[in-house]
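Quick notes on the structure that follows.
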Amino acid sequence: MIVRFGFVAMSMMLQNASVSRTMTYQQFSRLADRGAALRKLERIALENLEHSLRLLKHCVAHDVQVYRFSSKLIPLATHGELNDWDPYPALEEAFAKVGAYVREKKLRVSFHPDHFCVLNTPRPEVLESSVRDLEYHVRMLEAMGLGERTAKCNIHVGGAYGDKEAAGERFVRQFAELNERYKGRITLENDDKTFTAEETLAIAELSGVPMVLDIHHHAVNDGGLSQNAVVRELWPRIARTWETGGGSLSGGPAAESLPPKIHASSPRSEKDMRSHADLLEPGHLLRFLQEIAGSVPRIDVMLEAKQKDAALFQLMDELRKRERDGGFRVVDGASIEI
DNA sequence: ACCTGTCAAGTCTGG
DNA sequence: CCAGACTTGACAGGT
């Protein structure tokens, strides 16, 4: 099984390469000339896109093929007071350039809309803004020219609202009502407080979307399910959610589908088990990979460590040291065979 | 140059 | 019903 490692958004190694530069709404609204203010937002977005391309080149230079874009590429993009603003004429070229590079280098990229995108909310106005947030992310992938088979938006199920079962059912119901354009883009990830891996998987299966297993979230929110049971009972089903490439309605030939993806991070400390540590302690991840090694030919691991790319390269250093008797082979700067 | 409170957005808890 | 925590990178305004 080939394991590729990736990281999230920013680099701790490149200087002056922020991919999340922004402007507060208060600052925006203070500018007298609204047109000029919008041009300023567009210039910030262009800078974020240029830096994203720099990040991708940095990835390629170090064999990294898995990368998650920042969600903050276009500042204030989904703000209610800016509904009339279309930033794309100014950004089309920059997005196309990023997308062309992704395709040329065959990178696997994604977005992770954050906790404001809650598709299982009981509040209509929150659902509406969640769909707007989804539209924002999907539109960026489309502007990059990346198809739904390869470029996804990963989200969580959402809140429990005092009745987790009903909340899960509401996700399935409200997801089913979404435009096909969004459905084919979504992957679902278990979270660290509410929806466990088992619960998330059931919802992902009903919705026909791939599931991203976060093994750190599972460790702190396992719902009483042992690590063994995850490997034996859950993993084969999780792997199956990836076989159609996402969405039973939009499923295509398996050859076009993505390898399963998991998230890995280490707890910050014994007292603070949920927060992410600076680096990844490889023991837990290696044991998990070892146990599922026969199940799929490829898997991608998104590292969610505070030190981002630096943590990935530190991990690879560590893996090179353990290679001899670790039961795996280091393939290149960002992948192993296990 | 550096530090601190704040940021558009949601949910949960505790008062 | 409302304030504060949660969480994150970066801004904004101060020294």
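So you know, we letter chains A, B, ... as the sequences are listed, proteins then strands, and number each from 1.
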Is there a side-chain contact between [X] and the phosphate of [N], meaning an N or O under 4.0 Å from OP1 or OP2?
X      : N     : answer
A/R21  : C/dG9 : no
A/R268 : C/dT7 : no
A/R274 : C/dT7 : yes

Could you check which nucleotide pairs with [N] in any of the strands shown, counting Watson-Crick or G-U wobble with both distances under 3.5 Å?
N      : answer
B/dA9  : none
B/dC3  : C/dG13
B/dG14 : C/dC2
C/dT8  : none

Comparing A/F28 and A/S275 on DNA chain C - which has the more 5′ nearest nucleotide: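 In this pair, the answer is A/S275.
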Just how far, in rounded Å, is [atom2] of [N] from [atom1] of [X]?
X      : N      : atom1 : atom2 : answer
A/H217 : C/dC6  : NE2   : C1'   : 13 Å
A/F69  : C/dG9  : CZ    : P     : 18 Å
A/M10  : C/dC11 : CE    : P     : 11 Å
A/Q15  : C/dA10 : CD    : C1'   : 16 Å
A/H276 : C/dC6  : NE2   : P     : 15 Å

Assert yes or no for the condition that the ring centre distance of A/H112 to A/H137 is strictly below 6.0 Å.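 No.
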With a 6.0 Å cut-off on ring centres, are A/F313 and A/H62 close enough?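 Yes, close enough.
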Under a 4.0 Å heavy-atom cut-off, which of residues 34-52 of chain A touch DNA chain B?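 DNA chain B contact set from residues 34-52 of chain A: none.
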Less than 4.0 angstrom from a charged side-chain N to a carboxylate O is my criterion; do [X] and [Y] meet it?
X      : Y      : answer
A/R4   : A/D300 : yes
A/E318 : A/R322 : yes
A/E142 : A/R139 : no
A/E148 : A/R185 : no
A/R240 : A/E243 : no
A/E304 : A/R68  : yes

Distance check, [atom1] atoms only: [N] and [M], in whole angstrom units.
N      : M      : atom1 : value
C/dG4  : B/dG5  : P     : 14 Å
B/dT6  : C/dA3  : P     : 14 Å
B/dT11 : C/dA10 : P     : 26 Å
C/dT7  : B/dG14 : P     : 15 Å

Should A/V19 and A/Y101 be counted in the same cluster of Ile, Leu, Val, Met, Phe, Trp and Tyr side chains packed under 4.5 Å apart?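 Yes, because A/V19 and A/Y101 connect within a single hydrophobic cluster, where side-chain heavy atoms sit under 4.5 Å apart.
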Answer with base, sugar-phosphate or nothing: what part of the nucleic acid does A/R30 contact at a heavy-atom distance below 4.0 Å?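 Counting heavy atoms under 4.0 Å across all strands, the contact made by A/R30 is with sugar-phosphate only.
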Quick one, give me the B/S/- string for nucleotides 6-15 of chain B, reading 5' to 3', where B means a protein heavy atom under 4.0 Å from the base and S means that only happens at the primed atoms, P, OP1 or OP2. --BBBSS---
Counting N and O atoms only, with roles assigned by atom type, does the side chain of A/Q65 sit under 3.5 Å from a partner on the main chain of A/V60, one being a donor and the other an acceptor?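 Flag not set: sc A/Q65 to bb A/V60 has no pair under 3.5 Å.
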